[in-house]
Amino acid sequence: MPLPSGTNWPYEILSPLGAGGMGEVYRARDSRLNRDVAVKILPATFARDPERLRRFSAGGPGRCRT
């Protein structure tokens, strides 16, 4: 998955895992932890919706492994 220029994060997107009402989930490699993780991406159109942001944030940082 291409990221916008200037994106600074430690994840290399490897493959899509799924998509749903709150965004897309990707398998990624975390270079800090040196392991695979799941990364959820909130669509840009949702980023301007306070209720969707609240629901997205309520999920908290994930603690799952792929």
Side-chain angles (χ1 to χ4, degrees):
M1 172 188 160
L3 295 172
S5 177
T7 301
N8 183 18
W9 68 344
Y11 308 109
E12 175 190 358
I13 302 297
L14 302 174
S15 63
L17 290 176
M22 285 302 294
E24 299 172 343
V25 180
Y26 294 89
R27 181 183 187 114
R29 186 74 182 167
D30 185 326
S31 63
R32 294 172 306 181
L33 301 175
N34 197 31
R35 69 178 185 200
D36 287 359
V37 297
V39 174
K40 183 184 254 185
I41 307 291
L42 182 68
T45 55
F46 292 0
R48 292 181 286 280
D49 182 332
E51 177 60 19
R52 288 192 191 260
L53 282 175
R54 184 195 64 74
R55 289 176 42 209
F56 186 78
S57 298
R63 298 283 191 259
C64 66
R65 292 184 182 198
T66 59

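Among residues two or more places apart in sequence or in another chain, the salt bridge (Lys or Arg N to Asp or Glu O under 4.0 Å) test is passed with Arg32 by Asp30. Applying the side chain to side chain contact (heavy atoms under 4.5 Å, CB included) rule to Thr45 yields the partners Pro43, Arg48; only residues at least two apart in sequence or on another chain are considered. Contacts of Leu14 classified as side chain to side chain contact (heavy atoms under 4.5 Å, CB included), with partners at least two apart in sequence or in another chain: Glu12, Arg27, Arg29, Asp36. Under the side chain to side chain contact (heavy atoms under 4.5 Å, CB included) criterion, Val39 pairs with Trp9, Tyr11, Ala28, Val37, Ile41, not counting sequence neighbours.
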